[in-house]
Number of protein chains: 4
Amino acid sequence: MAPQNKEQLDQKKHERKAQIMRAAIKVFAENGIKLTKISMIAKEAKVSHGLVYHYFTSKDEILYASLDWAVEEHKSAKLFQELNDHEVSPLEQIKQFTLFAFTESDTEISNGVFRIIQNLSSTNDLPEHLVQFVEKAGQFYIESLYPLFVEGQNSGEIIKGDAEELLGIYLTVLSGIMADDPAFWKDNTEQKVGILTRMISER
Amino acid sequence: MAPQNKEQLDQKKHERKAQIMRAAIKVFAENGIKLTKISMIAKEAKVSHGLVYHYFTSKDEILYASLDWAVEEHKSAKLFQELNDHEVSPLEQIKQFTLFAFTESDTEISNGVFRIIQNLSSTNDLPEHLVQFVEKAGQFYIESLYPLFVEGQNSGEIIKGDAEELLGIYLTVLSGIMADDPAFWKDNTEQKVGILTRMISER
Amino acid sequence: MAPQNKEQLDQKKHERKAQIMRAAIKVFAENGIKLTKISMIAKEAKVSHGLVYHYFTSKDEILYASLDWAVEEHKSAKLFQELNDHEVSPLEQIKQFTLFAFTESDTEISNGVFRIIQNLSSTNDLPEHLVQFVEKAGQFYIESLYPLFVEGQNSGEIIKGDAEELLGIYLTVLSGIMADDPAFWKDNTEQKVGILTRMISER
Amino acid sequence: MAPQNKEQLDQKKHERKAQIMRAAIKVFAENGIKLTKISMIAKEAKVSHGLVYHYFTSKDEILYASLDWAVEEHKSAKLFQELNDHEVSPLEQIKQFTLFAFTESDTEISNGVFRIIQNLSSTNDLPEHLVQFVEKAGQFYIESLYPLFVEGQNSGEIIKGDAEELLGIYLTVLSGIMADDPAFWKDNTEQKVGILTRMISER
DNA sequence: CATGAATGAGAATTCATTCAT
DNA sequence: TATGAATGAATTCTCATTCAT
């Protein structure tokens with residue numbers, strides 16, 4: 001009865017959803033959550049707004065599902081495999097993280113997630129399930145970098161102080177830049193990362 | 001019938017407008033331009049929304065006029081008088097500017113202007129007259145700080161490099177933080193400013 | 001400042017709301033709740049749909065407020081003063097109630113309330129506050145008629161049996177007719193009421 | 001390629017359509033025409049909504065065809081064979097009709113038709129072809145009962161008066177109950193039928 | 001000047017209908 | 001046949017803007 005085998009259909013369906021979620025992440029990140037219109041997501045994904053509702057039940061669900069997907073999708077990205085390269089100093093690894101996170105090819109996504117999380121964090125009356133999620137997702141970045149900060153402090157590379165607070169400041173700066181001026185990273189990326197890391201580097 | 005002379009009336013009218021513009025700056029800065037509703041401005045100014053339209057013809061005009069007013073109003077504010085205190089080093093003056101600009105009491109306005117400008121800059125299809133304006137207003141910050149950067153480089157306090165670019169990075173970081181997380185400045189302000197200025201300070 | 005005294009304005013506002021609520025009762029009654037579009041209410045009230053939302057916050061609130069208003073408005077109507085005329089037999093009073101409730105001039109309202117209540121009663125997942133309300137409003141009819149049924153049974157005019165159940169059947173029939181075929185009452189009303197009351201009259 | 005002969009295929013096709021129409025009647029009757037979604041019919045029939053459109057070209061056609069089918073299918077049903085049992089008095093036959101029509105097992109269909117017809121009758125701007133149809137279908141009930149009313153009047157069992165009008169009132173009451181409160185028939189059915197027929201019974 | 005009533009364009013969501021597979 | 005993907009018209013609700021008082 002089914003014209004194609006189930007696997008193919010599921011595959012297709014999954015791709016379609018991914019296509020929409022990818023668009024959603026991009027548009028949400030660019031415009032903020034409230035200002036993102038379903039029509040913008042649909043246009044970016046090159047589908048009708050009706051189809052968006054075929055796959056998702058509401059704007060909120062799109063947001064939620066897209067974030068979830070994006071985090072899962074990129075959790076295991078090579079980005080963080082690199083981070084465990086013990087040949088490189090912690091500060092250098094932080095620089096690499098910064099470079100990867102905001103300049104790598106597929107980064108529209110991970111960059112977007114970062115910005116959306118930031119946008120959500122500043123929302124007042126976030127529904128409980130999203131609060132949880134935002135914390136979980138934000139935690140991902142923190143957990144990836146926190147050990148590097150501590151390690152760097154121990155080795156004297158990074159300035160003293162509450163590592164968590166320092167990390168917080170660093171992430172706030174990064175996400176702020178992304179939100180305000182994503183094009184910032186276009187040119188002289190390495191130089192800019194160098195300047196940013198001066199904030200936390202000893203000497 | 002006229003209970004007051006013309007001057008008094010003009011005075012009153014001017015105050016009324018200022019009252020609305022002050023509210024507008026605050027609300028625009030807090031919520032972003034698109035998310036600011038006329039009703040929010042009216043409420044903040046404690047007037048009816050109808051009255052807002054008595055003084056201004058559109059939301060855009062409110063924005064435009066309020067920015068214009070705020071910039072003029074604060075151009076000569078003591079904030080920048082301090083900046084010319086030649087007893088203090090350029091880097092110190094930059095720290096003070098940063099402190100003032102984002103944390104001082106009356107700063108609701110100048111801070112607001114900064115954030116709104118930032119918000120406008122990231123808007124894609126800005127009408128031409130606003131583009132002009134944004135540039136003009138943004139210029140204000142640049143002109144205030146640029147001499148200090150150059151001076152600091154000459155005295156060896158600030159790292160070498162294209163002063164304009166350096167200033168650009170610094171302002172991007174500041175405005176990014178304000179846009180993303182205004183509460184950032186609430187606690188430990190001086191310490192945070194200290195960390196931010198490490199980006200550009202020679203050691 | 002206010003061009004008219006507060007009382008006049010309140011009066012006007014109240015009339016406007018009543019105008020919309022009157023229309024709402026009519027349209028809800030005619031089309032059922034789900035099928036009633038805001039635009040239908042607006043059209044019936046001869047106002048824009050926007051204005052409807054100026055006075056009410058949602059379709060549900062319109063329904064709720066309109067029912068509340070209608071019940072209050074008509075509770076004390078002369079309709080029920082007549083009912084206590086002790087010169088007339090209970091069965092006769094029931095006939096009069098039936099006549100009044102569905103055929104009298106202003107009845108578009110009370111008739112409407114009856115039908116809407118009926119419509120609501122058959123809704124499955126009614127929000128709690130409406131359940132309460134429906135019961136309260138429905139109770140109104142029951143309380144008005146129940147004593148007459150009991151009295152009629154005592155005097156031998158009305159057939160024996162559980163008075164409450166009998167009343168339930170009678171009201172179900174009435175509301176069913178109203179829902180299905182309001183025009184039913186147009187002609188030969190007295191004769192039709194006569195036939196209906198035969199259901200319960202002892203002979 | 002054809003695994004079955006033409007006859008078998010036709011048979012299958014016919015069953016499929018019947019399956020959908022049966023579901024349609026049920027769902028239309030339960031929810032009213034406008035509130036019935038294609039998806040509800042498809043679900044009830046356990047087919048995809050796409051298949052519904054394979055057999056029918058529009059929601060209206062489903063309605064029309066289903067009614068047509070249901071009437072034909074049940075015209076000769078035993079329900080009405082019983083009606084011609086001359087051992088039983090006309091009034092008793094009317095009672096039986098009422099019982100059958102609303103409580104018999106297979107009656108989901110004939111009951112449904114009755115309710116849908118009723119629903120259609122109360123629709124304002126019914127397309128012409130449906131008007132015709134509704135009249136034709138409604139006629140079916142009238143033709144079945146009218147002779148019994150006349151007979152009952154002749155034998156003195158049923159009150160005098162215009163038989164057609166009397167029948168109209170009786171049918172209005174029945175259909176009203178079904179539309180408003182189908183659960184009415186659940187309990188004490190015979191007793192309730194007894195009360196309803198009191199409307200028309202002499203003595 | 002001042003208020004808030006009134007309007008209508010635009011955004012989220014639902015659902016009949018069409019179409020590719 | 002059969003499925004469900006895809007589309008777009010229609011509906012609820014929001015909010016900038018205009019207007020009568």
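In what follows, chains are A, B, ... by sequence order, proteins preceding strands, each numbered from 1.
A straight line from CD1 of C:Ile33 to P of F:dT11 spans 18 Å, rounded to a whole angstrom. Rounded to an integer number of Å, the gap from C:Lys43 NZ to E:dT7 P is 15 Å. Rounded to a whole Å, the CD1 atom of D:Ile41 is 13 Å from the P atom of E:dC15. Distance, A:Lys46 NZ to F:dA6 C1': 17 Å, rounded to whole Å. Atom CZ in A:Phe56 sits roughly 15 Å away from atom P in E:dT14 (whole-Å rounding). Going from atom NE2 of A:His14 over to atom P of F:dG4 covers 18 Å, rounded to whole Å. Spacing between atom CD of D:Gln19 and atom P of F:dT1 amounts to 13 Å, rounded to whole angstrom units. The distance between atom CD1 of C:Ile38 and atom C1' of F:dT14, rounded to the nearest whole Å, is 13 Å.
Comparing E:dT3, F:dC13, F:dT7 against the side chain of B:Ser48 picks out E:dT3 as the nearest. Considering only side-chain atoms of B:Lys59, the nucleotide from E:dT7, F:dA16, E:dG4 that sits closest is F:dA16.
Defined by atom type and a distance below 3.5 Å, a donor-acceptor pair is present between the side-chain atoms of B:Arg16 and B:Gln19. Defined by atom type and a distance below 3.5 Å, a donor-acceptor pair is present between the side-chain atoms of B:Gln11 and B:Glu15.
Taking side-chain N and O atoms only, C:Tyr55 has a distance below 4.0 Å to OP1 or OP2 of E:dA6. Of the side-chain N and O atoms in C:Arg16, none sit less than 4.0 angstrom from OP1 or OP2 of E:dG4. At the phosphate of E:dA5, OP1 or OP2 sits under 4.0 Å from a side-chain N or O atom of C:His54. The side chain of B:Tyr53 contributes an N or O atom lying less than 4.0 Å from OP1 or OP2 of F:dT17.
Of the options D:Val47, D:Leu63, D:Thr36, a side chain to side chain contact (heavy atoms under 4.5 Å, CB included) to D:Ile41 is made by D:Thr36 and by none of the others.
Sequence order on DNA chain E of the closest nucleotides to C:Val52 and A:Lys37 puts C:Val52 first from the 5' end. Heavy-atom nearest nucleotides on DNA chain F were determined for B:Leu35 and for D:Lys13, and the one closer to the 5' end corresponds to D:Lys13. In terms of position on DNA chain F, the residue among B:Gly50 and D:Lys34 whose nearest nucleotide sits closer to the 5' end is D:Lys34.
Between the side chain of C:Lys26 and the backbone N or O of C:Ala45, no donor-acceptor pair lies under 3.5 Å. The backbone N or O of C:Tyr64 lies less than 3.5 Å from no partner atom in the side chain of C:Asp68, so there is not a single donor-acceptor pair.
Partner assigned to E:dA20 is F:dT3, using Watson-Crick or G-U wobble distances below 3.5 angstrom.
If you check every strand for non-hydrogen atoms under 4.0 Å, A:Leu51 touches a base.
The base of F:dA5 sits within donor-acceptor range of the side chain of D:His49, with an N or O pair under 3.5 Å.
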